[in-house]
Amino acid sequence: MKLSGAQASPPRETATAAKIISRNVTKIYPTVRGPMTALTDFNLDVADGEFVSVVGPSGCGKSTYLRILAGLDTLSAGSVLIRPGADPRKPLNSVVFQEYAVFPWKTVIDNVAFGLEMRGVARAERLETAAYWLERVGLRKFAGYYPHQISGGMKQRVSIVRALANDPEVLLMDEPLGALDAQTRIVLQDELLRIWEETRKTVVYITHSLDEAILLSDRVILMTAHPGRHLATFEIDIPRPRTVETMNIARFAELRGAVWDLLGKEVARAMELQT
Amino acid sequence: MNTPTDPDTLARRRAGRLAFWRGLSSLIAAAIAWNGVFFAAGLWFPLWWLGLFGDFVLAVMVAERVGRVVPLRGRRAYERTLAFGFPVLALVAWQVIVDAGILSATWFPQPTRIAQALWEMTVSYDRFSQTSLIGRPWLIPEVVAQSGWAAGWGLIAESHVWATLGRVGAGFVLGAIPGVLLGVVMGMNKTVRLMLDTTLSAIYVLPKIAIFPIVMLMFADPFGEGPKIVVVALAVFFLMTINSMAGVRDIDPVFLMAGRNYGARGFQMLRHVIIPAALPVIFAGLRLALGTALIVIISVEFLRAKQGVGFITFYYWEVLNPEKMYAGLVVVMILGILLTYLLQWLERRVMPWQRD
Ligand SMILES: Nc1ncnc2c1ncn2[C@@H]1O[C@H](COP(=O)(O)OP(=O)(O)OP(=O)(O)O)[C@@H](O)[C@H]1O
Ligand SMILES: [Mg+2]
């Protein structure tokens with residue numbers, strides 16, 4: 001098992017060109033009680049076609065980092081870069097938000113086609129793309145429904161395929177399965193695995209679930225509790241294709257134990273910080 | 001459904017039915033006793049409010065008892081009966097109380113007499129205001145044959161109802177559209193908001209009737225339609241500005257982030273994210289603005305108009321014809337209900353995603 005310690009590890013040298021380069025990302029929120037450091041000196045490079053998960057105690061700045069990557073928030077110091085691809089018309093990134101952020105005023109299919117519509121793709125073409133993605137996650141029948149008419153799990157699937165239909169250079173997902181019940185969650189993990197192994201998009205994936213992080217990722221990044229900084233990196237060397245069955249193999253349990261060793265302590269520290 | 005036959009169930013049902021009728025008849029007996037005591041002791045006049053309160057409580061108890069035995073299928077009919085039955089009951093009570101001489105028929109004419117007055121005002125030409133509530137539609141066939149459709153329309157346009165409706169409609173549209181637009185801009189742009197918010201709040205609280213004289217001065221024809229429409233528009237404008245601003249500021253920021261992340265910019269953002277997200281609040285504001293518009297136009301017509309429902313209501317008050325004055329108020333209420341329905345219809349058309 002390759003295990004690189006926190007501060008000791010130099011920025012990872014990637015063989016393929018890095019798709020995402022973030023250096024010393026720091027975010028300080030000005031609040032009434034003075035500046036509040038949410039994220040400090042966070043480094044992360046993600047290779048083209050790599051699936052990287054970020055795990056850390058609640059409030060450690062994971063969403064903040066993702067928003068900065070997406071260009072939805074400013075950074076106080078450091079830099080982030082997403083390398084554009086060959087096709088300049090492709091969007092750089094699409095976010096699956098922690099809250100679903102599916103537009104209640106648009107039908108399911110119009111939600112999925114939203115990114116394409118904003119880029120001026122003709123109606124027939126964008127509806128065809130959206131229908132294809134709805135078909136893939138079993139929501140074809142619900143194309144004409146409004147979000148309030150479908151379940152939470154379906155809404156989150158809509159939010160995921162809205163990002164996929166947009167065909168971005170990198171996919172940024174913030175706890176996309178966080179609010180789901182255990183069964184739906186397993187089904188969607190399987191679906192995500194299948195889709196990712198076919199599309200091989202560059203993904204930054206935030207989750208609270210260790211199982212999910214290990215199952216889906218090539219690499220798992222651990223963050224410290226408040227203020228967030230890099231704690232450790234784990235290479236997940238379980239061969240693909242994987243399915244939810246992969247969680248039963250010995251190597252999985254081994255990795256899980258190693259990650260939890262560090263994360264458990266950090267979570268405990270985070271809870272002490274709160275009191 | 002299967003009918004149970006075992007004696008236990010049947011017996012329990014019979015006992016239940018018996019208890020229900022016993023409860024109901026004792027409530028009715030209580031109602032008779034309550035009112036009887038009030039009459040006999042001559043308490044109705046000084047303590048009419050207490051009598052009515054007691055009657056209301058008894059009516060609620062009766063309705064609750066009946067509601068408990070209404071089968072699921074009859075639920076809607078039962079609820080509708082309550083919703084419409086109560087106002088009808090109140091009208092009947094009014095009628096009975098005035099007929100019995102407890103309230104003065106001069107100041108509180110019975111509903112039947114108000115209805116009669118309303119009918120008269122609708123179908124007969126009033127020589128003083130030179131029209132009727134709905135104009136002179138009975139002359140339409142004749143006039144159209146003689147001088148064409150425009151003249152025929154004139155017979156409707158001269159009516160009191162049309163005068164009021166036209167002012168409310170024109171003022172509402174003229175105030176609501178710029179109001180919503182400015183409110184949205186203020187919701188999105190902090191600088192504009194800081195510059196205008198205080199001023200708008202200050203003007204908003206002014207009773208619009210108080211600035212009517214100033215508005216009149218701004219027009220070449222101070223007694224024409226212009227000032228009346230503008231004063232309604234002003235009332236609607238300020239309300240809608242403040243309301244739409246609140247609606248936009250209340251938008252969940254995650255929707256704005258999603259809009260931006262998926263490439264919406266400028267006008268697209270407005271059209272696909274901001275406006276639809278704020279629409280529920282904007283429509284709630286339009287409902288309030290409609291009420292305000294009616295209040296303003298009726299008071300303006302009280303003050304200064306030769307035509308309109310408010311004018312005719314006040315006129316009949318001045319000539320001491322209370323039946324017709326009440327009839328005027330009834331027309332205002334009917335207009336309010338109809339315009340609200342229109343707005344609700346529009347709301348369903350514009351926001352098909354709203355659950356009902
Ligand atoms: N707009 C803001 N102003 C001030 N502080 C903020 C703001 N947004 C986030 N924070 C703070 O920054 C820290 C990191 O927040 P963030 O949402 O990134 O955490 P997170 O790791 O995503 O947590 P979770 O796992 O619970 O989603 C938190 O302590 C939060 O209170
Ligand atoms: Mg978060």
Side-chain angles (χ1 to χ4, degrees), chain A residues 63-64 66-73 82 89-108 110-121 126 130 144-150 155 158-168 170-175, chain B residues 180-181 183-184 187-191 194 240 243-287 343-356:
Chain A
S63 297
T64 303
L66 210 74
R67 275 200 302 273
I68 292 172
L69 261 189
L72 294 170
D73 208 339
I82 298 177
R89 282 167 310 173
K90 259 193 178 183
L92 279 185
N93 71 80
S94 293
V95 180
V96 178
F97 291 90
Q98 187 169 0
E99 315 81 6
Y100 306 131
V102 169
F103 300 124
W105 51 87
K106 287 185 179 287
T107 56
V108 163
D110 281 337
N111 261 294
V112 176
F114 181 66
L116 299 171
E117 185 179 4
M118 293 304 102
R119 299 215 309 275
V121 175
R126 66 173 190 255
Y145 283 49
Y146 283 106
H148 78 83
Q149 297 168 311
I150 60 177
K155 263 184 255 188
V158 171
S159 156
I160 292 170
V161 291
R162 175 172 68 179
L164 286 164
N166 205 23
D167 193 20
V170 307
L171 207 54
L172 308 175
M173 305 216 219
D174 193 351
E175 293 186 41
Chain B
V180 170
L181 289 179
V184 168
M188 293 195 307
N189 186 301
K190 194 171 175 190
T191 312
L194 287 175
M240 286 317 296
N243 176 269
S244 317
M245 174 176 70
V248 169
R249 295 201 62 194
D250 238 24
I251 298 175
D252 189 339
V254 82
F255 289 133
L256 302 178
M257 283 200 279
R260 249 187 77 191
N261 187 244
Y262 285 85
R265 296 288 178 275
F267 181 72
Q268 282 179 321
M269 193 75 177
L270 200 65
R271 185 174 156 229
H272 290 279
V273 182
I274 292 168
I275 298 279
L279 266 184
V281 179
I282 290 178
F283 263 97
L286 288 174
R287 284 278 288 279
L343 212 55
Q344 283 172 334
W345 171 83
L346 191 71
E347 188 173 342
R348 279 195 299 274
R349 290 297 305 269
V350 177
M351 296 194 289
W353 65 85
Q354 286 287 75
R355 71 189 85 214
D356 28 36

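Only a predicted model underlies this, so the values are computations on that prediction, with no experimental measurement involved. We name chains A, B, ... by the order of the sequence lines, and we start the count at 1 in each one.
If you measure heavy-atom distances from Glu117(A) to chain B, the contacts under 4.5 Å come from both the backbone and the side chain. Contacts of Asn93(A) with chain B are made by both backbone and side-chain atoms, with heavy-atom separations under 4.5 Å. At a 4.5 Å heavy-atom cutoff, the contact between Arg162(A) and chain B is made by backbone and side-chain atoms alike. Contacts of Phe103(A) with chain B are made by both backbone and side-chain atoms, with heavy-atom separations under 4.5 Å.
Side-chain rings of Phe255(B) and Trp105(A) approach one another, their centers coming within less than 6.0 Å.
In the displayed structure, Arg349(B) atom CZ is contacted under 6.0 Å by at most 12 heavy atoms of other residues, nucleotides or ligands. The number of heavy-atom neighbours closer than 6.0 Å to CZ of Phe283(B), taken from other residues, nucleotides and ligands shown, is above 12.
Most heavy-atom pairs under 4.5 Å with chain B, from the set Ala70(A), Pro104(A), Pro91(A): that is Pro104(A). Counting heavy-atom pairs closer than 4.5 Å to chain A, the top residue among Leu256(B), Asn261(B), Leu279(B) is Asn261(B). Looking only at heavy-atom pairs under 4.5 Å with chain B, the residue among Ala163(A), Pro168(A), Ser159(A) that has the most is Ala163(A).
Shown here for Pro276(B) and Leu270(B), the closest heavy-atom pair between the two residues is CD-O, 3.8 Å.
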Take Asn111(A) and Tyr100(A) through the test side-chain contact (heavy atoms from CB on, under 4.5 Å) and record every step on the way to the result.
-> CA-CA 12 Å; Asn111(A) 261 294; Tyr100(A) 306 131; over 6 Å; no
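The aromatic rings of Tyr262(B) and Phe114(A) sit tilted relative to each other, their planes meeting at an angle between 30° and 60°.
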